[in-house]
Chemist: 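The structure is given below, and queries will be raised subsequently.
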Amino acid sequence: MHSVRPTRLRVEHLHRQLGTDVRAPRLSWRLPPGATHQLAYRIEAGTWDSGRRHSSTNTFVRYEGPAPASSTRTHWRVKVWTDLGESDWSETSWWETGLLHPSDWLARWIEPAETAPAQAGHRPARLLRHAFSLGKPVGRARLHITAHGVYEAYCNGVRVGDQELTPGFTAYRSRLQTQTYDLTGLLTTGENALGAVLSDGWFRGRHGFVRAADGFGTRTALLAQLTVEHPDGTTTTLGTGPEWRTAPGAITAADLMDGQTSDLRAHDEQWSAPAFDDHLWDKARAVDGGLYDDFARLTATPAPPVRRVEELRPVAVTEPVPGHQVVDLGQNINGWIRLGDLGPAGTRLTLVHGEALDARGDVTTDNIRAFDWATHRPLPAGQVDTVVSAGRPGEVFEPRHTTHGFRYVRVEGHPGSLTPEDVTGVVVHTDLPRTGWFTSSDERVNRLHEAAVWSLRGNVCDVPTDCPQRERAAWTGDWQVFLPTAAYLFDVAGFTAKWLRDLAADQWADGTVPNFVPDPADEPTRRRSAEGAMNGSAGWGDAAVIVPWEIWRAYGDLDLLRTQYPSMRAWVDHAAERARTRRHPDRAAARPHPAPHETYLWDTGFHFGEWLEPGVTPDLDPTRDRGDVATAYLHRSADLLAHTAALLGLPDDEARYRAVADGARTAWRAEYLTERGTTVPDTQATLVRALAFGLIPRESRSRAVDRLARLVRLAGTHLTTGFLSTGLLLPVLADHGRLGLAYELLMRDSSPSWLAMIDRGATTVWEDWDGVDAQGLPKMSYNHYSKGAVVSFLHQYAAGIRLPRTPGPEAAGYRRFTLAPRPGGGLTSASARHESLHGTIRSEWERDGDHLTLTVEVPPGTEAAISLPGSEPGTAGPGVHTFRTTLPPDGD
């Protein structure tokens with residue numbers, strides 16, 4: 001028997017799961033080091049023994065044992081047979097179910113007592129608690145909990161767990177996440193107490209670019225159930241109900257966007273301890289009806305939780321204006337600061353968070369102020385925390401009921417001088433495992449890569465947001481654009497699966513996809529609003545199809561495609577119906593009788609279009625004909641849907657959507673492609689999209705590529721692409737024989753360019769290429785990751801780690817991939833590493849003149865196609881391999 005065993009056991013998208021509601025989870029593992037292929041496996045999970053199964057599959061293997069009951073832990077292990085022989089058993093792992101059935105919930109929803117409702121953004125957090133006695137020793141204890149709002153749980157004076165902003169942000173009307181905590185070590189025989197801090201959160205707090213409040217309800221609420229198993233086999237169950245008590249606490253205002261205000265003089269550290277006297281507190285109100293009765297919407301999450309992931313020490317503390325001390329973290333982040341020096345009792349400190357400094361060196365928030373669409377006036381930027389000191393030794397302020405997007409913090413009202421030791425920047429986001437790294441011989445390129453990484457980190461706070469300060473909405477277009485890059489950098493499989501469930505839940509009955517998901521407004525309300533008319537924009541709604549497909553490519557999760565398939569199909573049906581039944585008035589006036597191809601021409605409705613092309617004023621005119629963009633995306637999504645139908649064994653659907661894809665391509669060519677190989681409109685973005693989506697006929701591609709290169713040169717060798725196509729630009733050039741031009745654009749350091757941002761001090765990717773206006777003032781958000789999609793070029797081309805564009809089951813999820821580095825741009829070395837589900841993929845090269853040495857690492861059970869300039873293609877199996885070649889002369 002071989003001594004090496006399988007490793008990295010995984011349940012669904014996590015290594016272990018506490019509180020899952022998946023009754024038959026899928027199990028994955030990595031093969032032993034050195035194994036070329038798996039011949040068979042055997043799983044032991046609880047009472048189920050799969051026996052020896054002849055299969056090469058080691059990812060997403062379905063558990064087939066007895067369905068576990070609620071709150072049941074199942075231990076499992078696996079052994080494999082490979083070309084190395086029979087392995088040892090893996091280490092034992094586990095998963096544990098939560099409350100699986102609505103009837104398992106014996107607790108009742110409770111609401112804290114509130115007087116006259118405060119103004120949104122100024123509502124306090126509430127404390128809730130319940131003391132109880134346990135007459136027997138504790139064998140095992142589980143707390144199942146969720147809220148309308150954001151909660152922090154406490155047990156016997158100790159904060160429970162390390163998750164932040166729970167229960168997270170979902171389409172609350174359809175899906176509300178619950179968390180399960182192990183309280184075994186916190187409870188004791190005798191007196192005990194449970195407590196919670198409850199604030200508005202996403203449920204009723206201000207949210208989005210209009211800063212609307214009460215999106216899902218007007219009151220916060222808590223649901224918690226504790227189950228204690230005793231050594232004698234008996235069980236004690238208790239939960240929220242009318243016997244719970246509630247009172248205001250030290251948090252006098254809490255809003256995720258506006259900030260948190262705390263008066264620490266009102267804080268009693270013993271409030272959640274058993275001996276605390278709560279007889280003067282109000283009784284909580286047990287509630288039912290409406291959402292409260294819908295226990296079926298309670299669900300676990302497939303995603304990792306939000307946590308405090310990293311801490312940063314400031315690089316400087318200055319005082320540009322008397323009384324204003326400015327803390328510089330040296331890095332733009334999402335999160336908050338922990339302040340340790342609060343001054344004597346009664347000291348009131350105001351903390352203003354921003355991404356930029358004004359001419360005096362003081363914090364400014366003008367660049368992140370949103371606008372009221374009704375009045376066209378700027379809204380407050382928010383991001384202001386306030387704390388009043390109680391003067392206790394060791395007192396610390398850490399506002400965990402808000403988040404901010406910031407690099408700088410202005411502290412007002414401090415009587416002394418702060419030092420970097422007094423302030424800690426706390427980085428807060430979904431705790432995604434890092435899976436991708438890149439470095440090269442060019443330090444500016446490396447900084448660009450890290451800026452994109454930090455920009456992603458700032459925008460994965462339970463949902464994929466557009467920016468962590470001004471809007472914090474999960475815009476569909478942003479994740480559609482950036483997901484392929486994100487999947488190189490972090491394990492985003494569970495995070496994305498969670499978000500896609502919300503997309504499907506919020507999708508309208510006619511297939512329309514909201515522009516941001518979750519959407520606090522329900523469909524009837526949104527339809528009546530100005531924003532509702534903007535929903536269903538091409539390139540944004542197409543996230544319903546493109547995002548699941550990209551997860552398939554990166555992780556090989558066929559079940560996700562199956563789950564999302566109705567949503568994918570509904571979007572394409574919606575877009576195809578709009579194309580078939582509506583014509584743009586200008587086209588109808590010019591051509592009263594529609595041409596046959598117009599059946600698939602989507603030229604009506606609101607679309608953002610390319611959005612934020614350099615030098616182009618954003619246009620929100622809903623009557624503008626953007627058929628060039630919309631029809632292109634109709635083809636793209638229908639094409640991917642046809643591929644998906646084939647994977648799922650749906651031949652009728654495959655034929656149906658292949659016809660839509662072909663018809664949309666024909667319509668696009670008839671309306672937007674000239675015989676000279678130019679497009680209408682004649683822009684970089686249109687050509688990039690057409691080439692990337694396969695809209696240009698083979699015989700016209702060389703002319704189209706020549707025209708794209710010409711447009712780049714006419715712009716002074718600058719890009720002029722916008723939101724949708726910037727991430728596609730360099731790959732399109734590289735794939736069509738213009739690698740040198742792609743590297744020229746990458747290395748360009750005059751605006752608009754990526755390195756111009758870096759040279760100006762960007763530590764995250766800016767929304768606007770310049771970052772400052774004509775007066776030198778900060779402009780727009782400094783943390784919008786969409787332009788950072790360029791770093792996928794570094795992984796795919798500079799280092800050469802590539803997946804097939806339309807993989808089948810034999811290749812998806814890096815089971816088969818390509819290592820094809822394409823040196824250029826003056827780089828003398830580059831290295832990338834990716835932790836796939838199967839193991840480490842590494843591509844590392846150094847250039848010495850015309851000689852290139854490439855070292856690659858291929859994981860067990862996979863195969864890589866090797867493609868080097870100047871060499872014949874080859875393959876490499878598991879292990880570390882070195883290749884050498886003489887490079888051909890540079891040139892396009």
Side-chain angles (χ1 to χ4, degrees), residues 11-14 16-23 25 68-73 95-111 128 130 140-155 159-184 194-199 201-203 216-217 220-228 237-241 244 286-288 290-307 430-431 462-463 494-495 497-499 501-502 505 518:
V11 180
E12 290 295 321
H13 301 293
L14 302 171
R16 296 182 180 89
Q17 291 211 37
L18 177 61
T20 182
D21 58 0
V22 180
R23 292 165 172 77
S70 292
S71 200
T72 299
R73 178 167 292 194
W95 75 87
E96 183 175 312
T97 53
L99 300 182
L100 297 175
H101 310 286
S103 59
D104 291 333
W105 285 94
L106 306 179
R108 296 181 65 184
W109 279 98
I110 58 172
E111 292 178 347
L128 298 106
H130 175 59
R140 192 181 84 147
R142 296 292 184 267
L143 176 66
H144 309 280
I145 185 170
T146 188
H148 289 169
V150 163
Y151 76 85
E152 290 181 272
Y154 286 80
C155 179
R159 186 171 181 234
V160 174
D162 62 355
Q163 301 185 30
E164 303 292 345
L165 304 176
T166 46
F169 189 20
T170 53
Y172 294 123
R173 286 176 289 272
S174 302
R175 301 180 58 256
L176 177 63
Q177 295 175 159
T178 64
Q179 284 75 42
T180 299
Y181 299 99
D182 183 350
L183 266 57
T184 306
L194 289 176
V197 183
L198 182 63
S199 65
W202 290 281
F203 189 83
F216 296 95
T220 57
L222 183 72
L223 178 70
Q225 182 165 309
L226 175 66
T227 301
V228 182
T237 300
L238 56 93
T240 44
W244 280 58
V287 291
D288 52 28
L291 285 179
Y292 296 116
D293 288 343
D294 187 7
F295 284 86
R297 71 189 170 105
L298 302 184
T299 182
T301 177
V306 174
R307 289 192 175 100
T430 298
D431 194 7
D462 206 60
V463 295
F495 174 81
K498 175 256 183 190
W499 181 74
R501 294 178 184 179
D502 294 313

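Position 1 is the first residue of the sequence, and the numbers go up from there.
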Chemist: Test your reading of the model: is there a side-chain donor-acceptor pair from T170 to the backbone of R175, 3.5 Å cut-off?
Modeler: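 Present.
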
Chemist: Any non-hydrogen side-chain atom of D431 less than 4.5 Å from a side-chain atom of Q163?
Modeler: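 No. Closest side-chain heavy atoms not under 4.5 Å.
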
Chemist: Between W244 (side chain) and G239 (backbone), is there a donor-acceptor pair under 3.5 Å?
Modeler: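 Checked: pair present.
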
Chemist: So, do L99 and T178 sit near enough that their side-chain heavy atoms are less than 4.5 Å apart?
Modeler: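 Result no, sub-4.5 Å side-chain heavy-atom pair not found.
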
Chemist: Closest approach of T237 and L106, non-hydrogen atoms and distance?
Modeler: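 T237 and L106 have their closest heavy atoms at CG2-CD1, 4.0 Å.
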
Chemist: Of all heavy-atom pairs between A497 and H13, which one has the smallest distance, and what is that distance?
Modeler: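 Closest pair (atom of A497, atom of H13, distance): CB-NE2, 4.4 Å.
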
Chemist: Working to the nearest 0.5 angstrom, can you tell me the gap between E152 CD and L165 CG?
Modeler: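 The CG atom of L165 is 9.0 Å from CD of E152, to the nearest 0.5 Å.
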
Chemist: So, do H148 and F216 sit near enough that their side-chain heavy atoms are less than 4.5 Å apart?
Modeler: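 When only atoms from C-beta onward are counted, F216 and H148 do not touch, as no gap falls below 4.5 Å.
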
Chemist: Just to verify, what does E96 make a salt bridge (charged side-chain N to carboxylate O under 4.0 Å, His left out) with, not counting sequence neighbours?
Modeler: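 Only R73, R140, R142 meet the salt bridge (charged side-chain N to carboxylate O under 4.0 Å, His left out) criterion with E96.
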
Chemist: Taking all non-hydrogen atoms of both residues into account, name the closest pair between H144 and S71 and its distance.
Modeler: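 Taking every non-hydrogen atom into account, NE2-OG, 4.3 Å.
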
Chemist: Roughly how far, to the nearest 0.5 Å, is CD1 of I110 from OH of Y292?
Modeler: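 One finds 10.5 Å between OH of Y292 and CD1 of I110.
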
Chemist: Donor-acceptor pair, distance only, cut-off 3.5 Å: does the side chain of R501 make one with the backbone of T301?
Modeler: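 No: the side chain of R501 does not pair with the backbone of T301.
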
Chemist: Is there a donor-acceptor pair under 3.5 Å between the side chain of T240 and the backbone N or O of R108?
Modeler: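 Yes.
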
Chemist: Show your working on side chain to side chain contact (heavy atoms under 4.5 Å, CB included) between V197 and Y154 and close with a plain yes or no.
Modeler: CA-CA 8 Å; V197 183; Y154 286 80; 3.8 Å; yes

Chemist: Does any non-hydrogen side-chain atom of R297 lie less than 4.5 Å from one of L291?
Modeler: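 SC-SC contact between L291 and R297 confirmed.
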
Chemist: For the residue pair V11 and T20, establish whether any side-chain heavy-atom pair is separated by less than 4.5 Å.
Modeler: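 Of all side-chain heavy-atom pairs linking T20 with V11, none is under 4.5 Å.
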
Chemist: Please tell me if the side chains of P518 and F169 come closer than 4.5 Å, counting only heavy atoms from C-beta onward.
Modeler: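 Sidechains of F169 and P518: in contact.
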
Chemist: Can you see which heavy atom on P167 is nearest to which on L176, and at what distance?
Modeler: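 The pair with the smallest heavy-atom distance is CG-CD1, 4.1 Å.
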
Chemist: Quick check: do P102 and L298 have side-chain heavy atoms less than 4.5 Å from each other?
Modeler: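 Of all side-chain heavy-atom pairs linking L298 with P102, none is under 4.5 Å.
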
Chemist: What heavy-atom pair brings C155 and L183 nearest, and what distance separates the two atoms?
Modeler: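 In terms of heavy atoms, the two residues are closest at SG-CD2, 3.9 Å.
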
Chemist: Treating Q225 as the side-chain partner and A107 as the backbone partner, does any N or O pair qualify as donor plus acceptor under 3.5 Å?
Modeler: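 Side chain of Q225 to backbone of A107, a donor-acceptor pair under 3.5 Å: yes, one is there.
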
Chemist: Is it true that R173 and D294 make a salt bridge, defined as a side-chain N closer than 4.0 Å to a carboxylate O?
Modeler: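 Here R173 does not pair with D294 in a salt bridge, since their nearest N and O are not under 4.0 Å apart.
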
Chemist: Ignoring hydrogens and angles, tell me if any N or O in the side chain of D502 forms a donor-acceptor pair with the backbone of A171 under 3.5 Å.
Modeler: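 Present.
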
Chemist: Under the side-chain hydrogen bond (donor to acceptor under 3.5 Å, both in side chains) test against S70, which residue among D21, T227, D104 passes?
Modeler: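 Going through D21, T227, D104 one by one, the side-chain hydrogen bond (donor to acceptor under 3.5 Å, both in side chains) with S70 is satisfied by D104 alone.
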
Chemist: Out of curiosity, L226 CG to L238 CG, how far, rounded to the nearest 0.5 Å?
Modeler: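 Nearest 0.5 Å value for the CG-CG distance: 5.0 Å.
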
Chemist: Ignoring hydrogens and angles, tell me if any N or O in the side chain of K498 forms a donor-acceptor pair with the backbone of P304 under 3.5 Å.
Modeler: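 No, the answer is negative, given that no donor and acceptor are paired below the 3.5 Å cut-off.
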
Chemist: Roughly how far apart are T72 OG1 and R23 CZ, rounded to 0.5 Å?
Modeler: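 Between T72 OG1 and R23 CZ, I get 11.5 Å after rounding to 0.5 Å.
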
Chemist: How long is the gap from OG1 on T97 to CG on L18, to the nearest 0.5 Å?
Modeler: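 With rounding to 0.5 Å, OG1 (T97) is 9.5 Å from CG (L18).
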
Chemist: Measuring from atom CG of L194 to atom CD1 of I145, what distance do you get when rounded to the nearest 0.5 angstrom?
Modeler: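 Taking CG in L194 and CD1 in I145, the distance rounds to 8.0 Å.
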
Chemist: Between L222 and Y151, is there a side-chain heavy-atom distance shorter than 4.5 Å?
Modeler: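 Yes, close enough: below the 4.5 Å cut-off.
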
Chemist: Write down the atom of A141, the atom of T184, and the distance for their closest heavy-atom approach.
Modeler: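 The answer is N-OG1, 3.0 Å.
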
Chemist: Verify the distance criterion only: is there a donor paired with an acceptor across the side chains of Q179 and T166 at less than 3.5 Å?
Modeler: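 Q179 vs T166: no donor-acceptor pair found between side chains.
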
